[in-house]
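Here the structure comes first, spelled out in structure tokens, and everything after it is commentary.
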Amino acid sequence: MAQTYLHPAREQSAALKALKKRRRGGAAPYLFIFPWIFGFLVFTLGPLLFSLVISFFDWPIVGKVTFIGLGNYVEMFTDDPLFWKSLMVTLKFAVLFVPLNIVVALGLAMLLNQKVRGSAIFRTAFYLPSVISGVALAMIWSWVYSGDYGILNYFLSVFGIQGPDWLNDTNWSLVAMVVASLWGQGSMMLIFLAGLKGIPKDLYESASIDGSGKLRQFVSVTVPMITPTILFNLITSIIAAFQQLTLALLLTGGGPMKATYFYAMYMYENAFKYFKMGYSAANAWFMFLIVLTLTFLVFKSSEAWVFYEGEMKRGPQKKPKPAKGGRA
Amino acid sequence: MKKQVSLIVLAAALMMSLSACGGSGGKAETAGQGGGSGSEKTLRFATWDTGDALKIEQDIAKKFEESHPGTKVQVEAYADGFDQKLAAGFGAANPPDVMYMWDFPTYHQSLEPLDSYADKDKDLNIDDFYKGLFNYGKIDGTLYGIPAGFTTRVVYYNKKLFDEAGVPYPKDGWTWPEFQEMAGKLTDKSKKQYGFGVRAENDTYDLQGFVWSNGSSFISPDGKTIDGYMNSKDTAAAIQMFGDMLKNGSAVLTGGKGQQSGDDIFKAGKIAMWESGIWPLESFRQAGVDVGTVEMPAFPGKPVKGVLAESALSIAKDSKQKDLAWEFIKFYVSDASIKMRVADLPVRQSVVNELKKDQDPLYKPYYTMLERSDNTPAFLLNPKWNEVNRQLSAAVESVMHGSNAQDVLNQAVKDSERYMK
Amino acid sequence: MMKKTLSYLALILFSLLFIAPLFWAITTALKSPQELYLFPPKWIPSVFRFSNFADAWNIQPFNLFLKNTLIVTVLSTLGQLVSCTLVAYGFARFEFKGRNLLFLIVLATMMIPWEVTMIPQYMEFNYLGWINTLKPLIVPSWFGSAYFIFLLRQFIMTLPRELDEAATIDGASKLTVLMRVIVPLMGPSLILVAVFQMMNCWNDYLGPLIFLNDQTKYTLTLGLSQFKGMYGVDMQSIMAITCLISIPPLAIFFFAQRYIVGGIASTGIKG
């Protein structure tokens with residue numbers, strides 16, 4: 001993602017400047033991106049602004065619509081314990097889910113990146129949960145997690161461990177949701193796999209000539225080389241964590257005792273269970289701002305820890321450059 | 001050049017196919033909304049039912065089409081997403097003409113008052129309906145829904161488990177202490193077998209039956225007070241009873257929304273007694289459980305009270321063809337249609353008498369409970385009940401997780417007071 | 001040798017972990033009603049009732065749902081491919097006023113939660129008379145989605161500019177350059193976009209749920225959710241249908257994965 005910012009800057013400084021004039025195709029570029037502009041205005045910006053407007057109203061789905069200014073936002077911050085509760089649940093979930101998701105996806109990708117037979121089958125197997133519909137997935141998980149009759153506790157009991165009633169235990173239900181969510185890491189694993197495949201072999205070779213062990217190679221070659229992929233997956237994971245809804249809706253309904261009452265679910269219930277459209281729009285806008293801020297912060301921090309291949313690859317061979325992306 | 005041409009052809013083909021499906025879709029839409037504009041009228045009918053119950057409803061719709069040439073009934077099965085779909089439809093002033101309804105306090109502003117229709121239409125034969133059913137479709141004395149089906153709640157029991165434990169089957173007129181004693185005998189931890197299942201997330205609506213049976217209620221009869229009702233000693237005792245059964249191990253906590261439900265565990269033969277409406281009865285039989293039904297136990301010295309779950313039919317205020325909609329409703333609650341509907345209980349006494357439903361030992365308890373269902377549920381008494389219920393539900397849930405009922409109910413009353421003004 | 005064995009062991013173990021859900025779905029679908037709820041669970045049904053699949057498929061008009069799903073999937077995927085290619089090319093190969101700002105907006109739209117725009121979108125589609133048609137599920141994808149535009153743009157940017165320049169000097173128009181020079185080189189990434197879009201469409205649940213009313217317009221996932229009513233769940237049918245409708249995406253994935261992995265590698269998400 002960060003490359004977005006990288007390229008314009010690079011181009012301007014490049015010798016390609018001479019051709020720039022020709023590339024300014026007058027109206028042509030706008031014609032090319034017109035489909036997106038049109039779609040953005042009609043299907044995104046319009047509804048987005050409208051929802052901002054709604055958020056200043058008391059807007060029940062049936063009944064009278066009244067303008068209340070910032071009323072919804074004030075109520076949200078000062079007079080609604082569920083708002084804070086659900087925000088905390090989502091933050092907790094994100095803190096657990098985001099790093100684990102990246103570790104699991106990366107781990108599986110590394111397993112697959114070895115020279116093994118039948119890798120196509122393994123890849124398909126790891127991706128499998130991603131193609132199963134949410135309705136069925138929720139059912140499968142309920143069967144896994146059930147306290148007395150669940151398959152997980154059945155396995156644990158073989159080892160003499162008495163497992164909790166996962167989904168009905170306030171201490172465990174969120175953890176159970178995290179694990180269930182990790183199941184769907186398929187696309188992230190694929191992206192990591194592609195990233196790993198893009199690491200030039202000679203980097204490992206020179207590292208092993210230098211006498212680095214496997215672990216050392218992982219730390220000094222693999223990780224730095226895939227930091228851009230990590231950045232991409234980090235951001236999509238954060239977005240996914242905040243928008244987590246389906247599983248909660250279908251599996252726990254937010255319980256027990258609101259232990260898995262995600263912010264997205266809170267928003268959804270305000271709209272569709274309590275029919276407070278205006279209030280729900282205010283919730284949604286607040287979440288949008290949070291995700292935007294988080295993403296911005298991650299981008300900002302990425303200057304310090306993301307290394308771009310262009311620099312890295314040439315690094316050992318040509319003269320070293322600062323390992324940092326330029327920014328427009 | 002060839003590729004470019006083919007791209008343009010492709011794009012053109014896409015455009016055409018789109019406008020094609022647009023064309024037909026658009027037509028159907030005008031027919032649906034405009035009603036009489038075309039040769040065929042389309043009546044939209046939304047239901048929450050699925051599976052066999054939905055099949056029956058579609059059959060009734062077909063019968064209606066046959067007897068009303070030029071009319072098409074579009075059955076819209078919203079299933080689990082009923083409220084979302086209905087909300088979206090009302091919000092955009094594009095609701096179905098006729099819909100299933102039970103939550104009148106929430107929706108009544110968008111529904112057509114039906115008194116005038118019901119009054120002038122003698123064919124409806126209101127007196128044949130079970131008394132009291134109409135009360136559930138009224139808000140402030142105005143009728144918004146015609147009852148189409150209902151169920152009361154009973155105790156299901158697994159005969160095999162009773163036989164194995166040597167416990168005699170429960171009989172009408174039993175009491176909660178007897179119930180608890182049986183549950184204890186029927187529990188066998190080593191087999192993961194329990195006497196009873198308690199829902200982790202109860203619908204407080206269903207709990208009202210127990211609260212009424214213990215001589216209390218969630219809200220005062222005038223709908224203005226909850227203090228002293230929702231947190232009364234008797235209300236707390238009724239709810240605490242279930243929390244205690246979980247604590248002493250004679251009941252198991254059954255899953256919330258999407259989890260292994262009590263129905264499933266009952267089917268697996270792991271709980272001996274289960275409390276519910278008529279909905280799971282058929283699936284219990286299919287799963288091969290030898291099931292019996294019995295009326296709810298009584299609190300010693302107090303009369304048993306029951307709670308009704310009713311499905312009614314309503315017409316949207318925004319409907320453009322209300323007369324046709326009314327015709328459909330009338331058809332839907334006619335003798336012939338009611339006989340077709342076997343997934344819940346008939347609303348007409350004449351049908352029940354004819355089918356001798358109330359003689360069948362498996363069905364009799366539902367009718368016994370019907371006679372005991374004469375209290376008014378809380379949500380019909382206070383327009384803000386939805387908000388109060390949020391607090392109450394949380395309180396009840398925490399009792400199932402070990403809290404003291406009296407304490408959490410006191411707190412819930414305190415937190416709800418602002419909605420009672 | 002030891003290490004290899006360990007790798008295989010890990011791979012197989014994890015595969016089992018990920019396959020288990022589908023395995024359970026299949027055995028559940030095959031069981032007789034009496035065996036469904038046994039505990040401890042029966043892993044292998046005593047009788048394989050293959051007729052359960054056909055029964056579940058025929059309880060509801062799933063042929064119709066399949067047709068609707070195919071219409072949506074094919075049309076929206078084609079639309080997505082065409083529009084995203086055009087837009088990505090525009091962003092990748094031209095300098096124009098506001099380009100960076102516009103591209104930033106493209107990225108920002110990825111972060112908008114669907115719930116924010118859902119209600120207004122519903123009102124808009126209703127105004128257009130599109131509710132209860134397949135159009136809300138198809139048309140928006142004709143105007144590009146941020147994720148795919150981003151992906152394709154990254155890919156086009158890795159292609160040497162000299163290719164375009166040469167063709168331009170020959171007098172070809174920009175569109176011709178795109179069609180004759182760029183698109184033929186984009187194979188893997190276009191397959192990637194197509195597959196991801198097909199998966200999304202195939203499994204989309206909330207969109208059809210909100211926008212479709214009439215059963216004759218339903219998609220497969222919506223048909224599937226019809227087994228879950230307000231008062232009961234037909235678990236067996238859900239599992240049977242889940243197995244059946246998972247086959248096409250799995251097959252597509254299996255055959256396309258080579259390109260997918262290659263596609264992502266070449267788009268330069270990784271830098």
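Remember, predicted model here, so these are calculated numbers, not experimental data. Below, chains carry the letters A, B, ... as their sequence lines are ordered, and counting in each starts from 1.
- When heavy atoms are compared at a cutoff of 4.5 Å, C/Leu102 approaches chain A by way of both its backbone and its side chain.
- Within the 4.5 Å cutoff, side-chain heavy atoms of C/Thr109 are placed close to those of A/Phe40.
- C/Glu124 places no side-chain N or O within donor-acceptor distance of the main-chain N or O of A/Phe43, the cut-off being under 3.5 Å.
- Residues A/Ile33 and C/Phe94 are not in side-chain contact: their nearest non-hydrogen atoms beyond the backbone lie 4.5 Å or more apart.
- Contact record, C/Asn203 with A/Ser130: ND2-O, 4.0 Å, taken as the closest heavy-atom pair.
- Annotation: side chain of A/Ser187 is in contact with side chain of C/Phe196 (closest heavy-atom distance under 4.5 Å).
- In terms of heavy atoms, A/Leu111 sits closest to C/Ser7 at CD2-O, 4.2 Å.
- The candidate from A/Leu49, A/Thr124, A/Ile230 with the greatest count of non-hydrogen atom pairs under 4.5 Å with chain C is A/Thr124.
- Heavy atoms closer than 4.5 Å to chain A are found nowhere in C/Leu16, neither backbone nor side chain.
- Contact annotation for C/Phe14: both backbone and side-chain heavy atoms come within less than 4.5 Å of a heavy atom of chain A.
- Heavy atoms from other residues, nucleotides or ligands lying under 6.0 Å from CZ of C/Phe23 number more than 12.
- Taking A/Leu31, A/Val116, A/Leu193 one by one and counting their heavy-atom pairs under 4.5 Å with chain C, the maximum is reached by A/Val116.
- Residue with the most contacts toward chain C among A/Asn233, A/Ile238, A/Ile140: A/Ile140 (heavy-atom pairs, distance under 4.5 Å).
- The contact between A/Tyr30 and chain C is made entirely by side chain atoms (from C-beta outward), counting heavy-atom distances below 4.5 Å.
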Q.
One pair to check against ring pair (Phe, Tyr, Trp, His ring centres under 6.0 Å): C/Phe143 and A/Trp36. What are the steps and the verdict?
A. CA-CA 5 Å; C/Phe143 300 97; A/Trp36 175 76; over 10 Å; no
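- The two residues C/Phe253 and A/Leu190 make their nearest non-hydrogen contact at CE1-CD1, 3.6 Å.
- If you measure heavy-atom distances from A/Ala281 to chain C, you find no contacts under 4.5 Å at all.
- Within the 4.5 Å cutoff, the side chain of C/Trp202 has no heavy atoms near those of the A/Val131 side chain.
- Between C/Tyr8 and A/Arg117 the shortest side-chain heavy-atom distance falls below 4.5 Å.
- A donor-acceptor distance shorter than 3.5 angstrom exists from the side chain of C/Lys4 to the backbone of A/Lys115, with no hydrogens or angles considered.
- Between A/Met139 and C/Ile238, the shortest heavy-atom contact is CE-CD1, 3.4 Å.
- In terms of heavy atoms, A/Ile121 sits closest to C/Phe254 at CG1-CE1, 4.1 Å.
- Side-chain contact between C/Lys228 and A/Leu250: present, with at least one pair of heavy atoms (C-beta onward) separated by less than 4.5 Å.
- A/Val42 touches chain C through backbone and side chain together, each having a heavy atom under 4.5 Å away.
- Scanning both residues, A/Pro35 and C/Trp142, for their nearest heavy atoms gives CB-O, 4.4 Å.
- When A/Trp141, A/Tyr127, A/Phe38 are compared by the number of non-hydrogen pairs under 4.5 Å with chain C, A/Tyr127 comes out ahead.
- Annotation: side chain of A/Phe50 is in contact with side chain of C/Met123 (closest heavy-atom distance under 4.5 Å).
- For the pair C/Phe18 and A/Gln185, the minimum side-chain heavy-atom distance is below 4.5 Å.
- Within the 4.5 angstrom heavy-atom criterion, only side-chain atoms of A/Leu108, from C-beta onward, approach chain C.
- For C/Leu17, the parts lying near chain A are the backbone and the side chain together; criterion is any non-hydrogen pair under 4.5 Å.
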